[in-house]
Amino acid sequence: MPVDHSDPVECLLKHNEEFTRQIITVLPGIHCAIGYGLANSILIEGNDGNIIVDTLESRESAEDVKKDFDKISSKPVVAIIYTHNHSDHVFGAEVFANETTKVYSHAKTLEILDKTMNLVQPITFQRAARQFGVYLNKETGHINSGIGSLLNYNQTNRRAYLPPTDTFSGRSLELDVAGRKLILYHAPGETDDQIVVHMPNENVLLAADNIYKAFPNIYAIRGTTTRDPIQWIASLDLMRNLRAEYLIPSHTKPMVGKDEIYQTITVYRDAVQFVHDQTIRCINKGLTPDEIIGNQLVQLPKKLNQHPYLQQFYGNVPWTIRAVFDRYLGWFSGKTSDLHKDAPKTHAENLVKFGGGAKEVFAKAQSAFQEEKYRWTLELVEALSLYPEDVNPSEINELHCSTLEKLAAFETSANGRNWYMTKRLEIQGLIHIKPSEKQIIETVSKSSIKKCLQVLPVNFNYQKAEIENLVIFFHFNDTNEKYSVELRNSIVDVQDCWNEQIKPDLAIEIKTERIWKEILVRAKTPMDALDNKDISIKNQQGDDYPEGILQLVQFLLLFAP
Ligand SMILES: [Zn+2]
């Protein structure tokens, strides 16, 4: 049935039907739980145990679904499969697992998880909260999150993540679990570590996030690199050629019927190819993303545009165009004035002065709003927020918020809508998005010590540093891991070995990795650790040097926010 494009808000409201909380028994022993979290969780019953594919985004969501799964079958979970690293698939695992549960994933999953949990954690937390509308509710404008009702992960939710125990790095892995035959295919698409699961005996394909009932998210505004469209297409080809009778995606409802599944995956991959190819055709003419998008040079043809699986509720065509451009040509648009830009505040000042002063520009912004030129209004209001001169900031904020509401109302993508509506709350000062202390501690405790150390360089405040050179050796006694951390040339170099040619300023013996993690999250001071004999320090000569604790404290302060 072709889709009628009416009011974006109405369309998104109707899309909610996809996420009504329910467990769909796709065929005997195979159940798909929808609407318990952002993603689906899939229960596969086996002879002497069960398999769970994807575990939702938090302990709370997982507990909800487990309660209902237990009513179907309370056999122990012998295997968990993570289709990929995203939080909405991995943060509920502990709830299902017992001591012997195996956790399967692609080898890259662990690698990527470790990275996202550390290096860019602060900003992705904030941006994901905006994209998914985590801080919104019905009253403040949340309708859904595009591929699920809501990401149930705010400051109060707990993570119940388990690291994978069994990974594979080849093309596929065949498993026989509790009498069920499963073939895990590496199928990079929405993520590089994506796997899809084929059950050849039942001809069921668990499609992970490579297809869902919404336009694919080639780039996520929460902050990801561009997902490789060519790779995604190849994986969709692999998937459609399996000719599955049942398709169970990890978001939105399952589908039954060999032909329908084949055709749907075909249309899905064709849409990705269309936007990819046509964008590159435009790029090669020297066009910038703004020109391609602004002049609507790449728009889905009618047949694709009306397909129920290609509604732009999650990813959309304009952001895909930007993503494809970025993937091939990087950040520079090719427009000469984009080579070097003024700081936003300088730009705002120039714009306001050019417009005849803040009062005049504010009046112009109000007229633009009346004329329904909301993007232009937003640009003016953003400039005025930076350079308000003699306009009352609360008046600017009010117009700012009204503009965001209007833009949200015209936005087909739930991600875009949630972003606008969340920014509105932030401008009103009603929310401040940041992870709770508890969440930070959880993140650190589940990360490897290597990653905990590797996060130091990107937190190094070089402008504050009075010390120019320093070498510290760390030895974690429980794991016998050795690291060196060297401060030089305004960078911090972390190596997972000791350079025996160098005599460190401090050599620190630490009883357990856990102690260092506690120091990092400020649950313990270095002084306490020293007093408890949890750490000991030696100087360059190799003598005991408890006074070195002051240097260690000073060193840690270099990474304070
Ligand atoms: Zn997902």
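Note that ligands are numbered from 1 as they come in the structure, with each ligand's atoms numbered from 1 the same way.
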With a cut-off of 2.8 Å, does His84 put an N/O/S atom close enough to the Zn ion (ligand 1)?
no
Could you walk me through whether His86 and Tyr82 pass the ring pair (Phe, Tyr, Trp, His ring centres under 6.0 Å) check?
CA-CA 9 Å; His86 284 165; Tyr82 292 154; over 10 Å; no
NE2 (His89) to the Zn ion (ligand 1) to OD2 (Asp209): angle, nearest 10 degrees?
100°
Indicate if the distance from the Zn ion (ligand 1) to the nearest N, O or S atom of His251 falls below 2.8 Å.
yes
Is NZ or CZ of Arg243 both nearer than 6.0 Å to the six-membered ring centre of Tyr262 and within 45° of the ring axis?
yes
Report yes if the side chains of Leu247 and Ile265 come closer than 4.5 Å at any heavy-atom pair, otherwise no.
yes
Validate the cation-pi geometry between Arg322 and Tyr219: distance from NZ or CZ to the six-membered ring centre under 6.0 Å, angle to the ring axis within 45°.
no
I'd like to know: is the Zn ion (ligand 1) within the 2.8 Å range of an N/O/S atom from Asp88, strictly under that distance?
yes
